[in-house]
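Take a look at the structure set out below.
Quick note on labels: first sequence line is chain A, next is B, and so on, each numbered from 1.
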Amino acid sequence: MSLQFGIPLMLVAALIQATILPHLRIYSGQPDLVVIIVLAWTALDRGQEGMIWAFAGGLILDVFSGAPMGITSLALVPITFLFGVTETQVYQSNILLPLIFAAVGTLGFHLIYVFALRFIGGVSLVWWQFLFYVTLPSVFFDLVLIIPAIRLLTPWYSRLHPSRVRF
Amino acid sequence: MQQQKQQRNRLLTVGMLVVASVILLTVGSGFGETVGRILIVPFAPLAGLLTGGANGATGLVQPIEDPVELKRRNLDLERTVAGMQIELVQLREIEQDYKRLSGLANYISRQSGQTFVTADVIAIDTSSYLRWIIINRGARDGIAEGNPVISDLGLVGRVEDVAANASWVRLMIDPASVVNGRLQTSRAEGTISGQLQGGLLMDLIPQDIVVQPGDLVLTSGLGGTYPGGIVIGQVASVTRQPAALFQQADIRPTVNFADLEIISVITSFQQIDTSIFDQNLQGTPQP
């Protein structure tokens, strides 16, 4: 993803996540738009761009959050790494696989995030409440949106990387 | 060979990015906060615009609730009605703002000797695990860390971080928020912490106190982090176990946190520095 495409996209996604999406919450969970875009881009890309945008997107998200700066990047970068590695080998064999990996990926992201929030951010947690009220509804949203996100980003991806193999 | 090289590069990238994240987190929270304060300056007006647009859009769809009803109307009248509806929506928005502002003005006029800064909510925390908001007033307007935040209905939270033109407010319902509260009828005190579901939990209420659903809860002023006497909420239910040292009460906040648009910051409130007591507790020799 080029800078002139990626930075505005991440900014707009973070702004939407901070202004409009909180009104769509189910229990306390909401769509993680930046996470969805990063995972969708990772699904399309064979290189390291997903990880770099995970880092940048995480930092932009943290500007609009009370969480310590860097915590979202810390949770998102390893997930995009694993997501990218798996994608290279198996994605093209089955359309359902990105969905499964998106579920595992967003769940993993949330678990690392909550873990970091507890032990780095010092936020006291009631684990089952966090899991039930936030994690599961958020994973549901992300799961529903990941395939449309991949579809929407595919033309952009093929325009930016015409030589690479398309998803 | 090529694949191995790619794999190595990938591992190197993930390693570098994770290390960068950890450095950001551990080098000192001050650095991350400074980065956030600088980055928020250009974003704050954009967030304000988006929030305003979202609120306007919500208002716009309200009166067009029954399209069947609209179809029955006369064609000539329909055009007039459509025009009037748009005007009505705008007037409703103004009315809502007026109600909120007059409520705030009434509250503020009752508080003699305190100064307030009124602000719009421009963003909500991007993390679903935290309950913070960002407002469009900052250090330029006299807001400082620790300032209490209120609405016309009661306590909202506290300013935790300040940029030039924006501030981060931790809401009272944030899981990490703790407020010292007092029951209005019995004068019993306790600590009130935020719950992820949006409610509040009052703990450390002595067992011999009779707590009734409906009792009003106010800030006690203990600890010096909030002024006393600000309305927090009402007791919804009480949990009392004979073997426990204290009883607990679920508190229903008077403020609707899902609908916050305009708030006031008490800028004249001076937070009391209690760190000296912490040092004494840790065995630091007293001067």
Side-chain angles (χ1 to χ4, degrees), chain A residues 11 14-23 25 27-30 32-34 46-48 51-52 54-55 58-78 80-81 84-85 110 113-114 116-117 120-126 129-130 133-135 137-138, chain B residues 3 6-7 9-14 16-18 20-27 29 31-40 43 46-54 57-58 122-134 160-161 168-170 174-176 193 195-198 258:
Chain A
L11 275 175
L15 277 169
I16 291 171
Q17 192 164 331
T19 53
I20 297 165
L21 297 185
H23 298 289
R25 280 181 176 160
Y27 286 110
S28 291
Q30 68 175 61
D32 306 298
L33 198 55
V34 172
R46 305 290 188 269
Q48 299 153 27
M51 282 185 281
I52 291 161
F55 183 74
L59 289 185
I60 293 170
L61 275 184
D62 287 341
V63 170
F64 296 98
S65 174
M69 181 68 75
I71 200 165
T72 309
S73 305
L74 183 69
L76 197 50
V77 168
T80 46
F81 168 71
V85 168
H110 277 274
Y113 185 91
V114 171
L117 206 58
I120 300 170
V123 176
S124 56
L125 303 172
V126 181
Q129 278 187 359
F130 270 56
Y133 287 106
V134 185
T135 309
S138 299
Chain B
Q3 265 192 340
Q6 276 183 349
Q7 197 66 19
N9 283 344
R10 205 171 253 184
L11 277 168
L12 197 67
T13 311
V14 73
M16 277 165 50
L17 293 175
V18 167
S21 304
V22 172
I23 287 171
L24 265 175
L25 283 164
T26 53
V27 148
S29 58
F31 177 71
E33 283 171 8
T34 309
V35 173
R37 279 180 209 145
I38 294 166
L39 289 176
I40 196 71
F43 295 157
L46 279 174
L49 277 176
L50 265 180
T51 308
T58 311
I122 56 166
I124 300 167
D125 202 304
T126 49
S127 168
S128 307
Y129 297 95
L130 301 172
R131 294 290 176 268
W132 292 51
I133 54 171
I134 302 176
E160 291 286 343
D161 203 1
W168 285 262
V169 176
R170 186 198 295 273
D174 185 79
S193 50
Q195 302 288 294
L196 204 59
Q197 308 94 298

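Only the side chain of A:Phe55 comes within contact range of chain B, judged by heavy atoms closer than 4.5 Å. For A:Phe64, the parts lying near chain B are the backbone and the side chain together; criterion is any non-hydrogen pair under 4.5 Å. With a 4.5 angstrom heavy-atom cutoff, A:Leu33 does not touch chain B via any of its atoms. Both the backbone and the side chain of A:Leu74 come within contact range of chain B, judged by heavy atoms closer than 4.5 Å. For B:Ile134, the part lying near chain A is the side chain, with the backbone staying farther off; criterion is any non-hydrogen pair under 4.5 Å. The contact between A:Leu11 and chain B is made entirely by side chain atoms (from C-beta outward), counting heavy-atom distances below 4.5 Å. Residue A:Ser73 touches chain B through both its backbone and its side chain, counting heavy-atom pairs closer than 4.5 Å. Of the atoms belonging to A:Leu61, heavy atoms from both backbone and side chain fall under 4.5 Å from chain B. Interface remark: B:Ile122 contributes backbone atoms only to the contact with chain A (heavy atom separation under 4.5 Å). With a threshold of 4.5 angstrom between heavy atoms, A:Ala14 approaches chain B through N, CA, C or O but not through any side-chain atom. Contact of A:Val114 with chain B is made through the side chain alone, with heavy-atom distances under 4.5 Å.
Summarising the geometry of A:Gly70 relative to B:Ser21, their closest heavy-atom pair is O-CB, 3.7 Å, with the distance given to 0.1 Å. Closest approach of B:Pro175 and A:Phe130 over heavy atoms only: CG-CZ, 4.1 Å. Here the closest heavy-atom approach between residue A:Ser65 and residue B:Leu130 is recorded as OG-CD1, 3.9 Å.
With chain B as the partner, the residue from A:Gly121, A:Ser28, A:Pro68 showing the most heavy-atom pairs under 4.5 Å is A:Ser28. Most heavy-atom pairs under 4.5 Å with chain A: of the set B:Ser193, B:Ala123, B:Ala258, this distinction falls to B:Ala123.
Judged purely by distance below 3.5 Å, without hydrogens or angles, the side chains of A:Thr135 and B:Tyr129 pair a donor atom with an acceptor atom.
Atoms CD and OG1, on A:Gln30 and B:Thr126 in that order, are 8.0 Å from each other to the nearest 0.5 Å. Here OH of A:Tyr113 is found 8.5 Å from OG of B:Ser128. Values are rounded to the nearest 0.5 Å. Between the CD1 atom in A:Ile71 and the OG atom in B:Ser127 there is a gap of 8.0 Å [rounded to 0.5 Å]. The CD atom of A:Gln129 sits 6.5 Å away from atom CG of B:Leu196, with the distance rounded to the nearest 0.5 Å.
Between A:Phe81 and B:Leu11, some side-chain heavy-atom pair lies under the 4.5 Å cut-off. Residues A:Arg25 and B:Ile124 meet the side-chain proximity criterion, which asks for heavy atoms closer than 4.5 Å.
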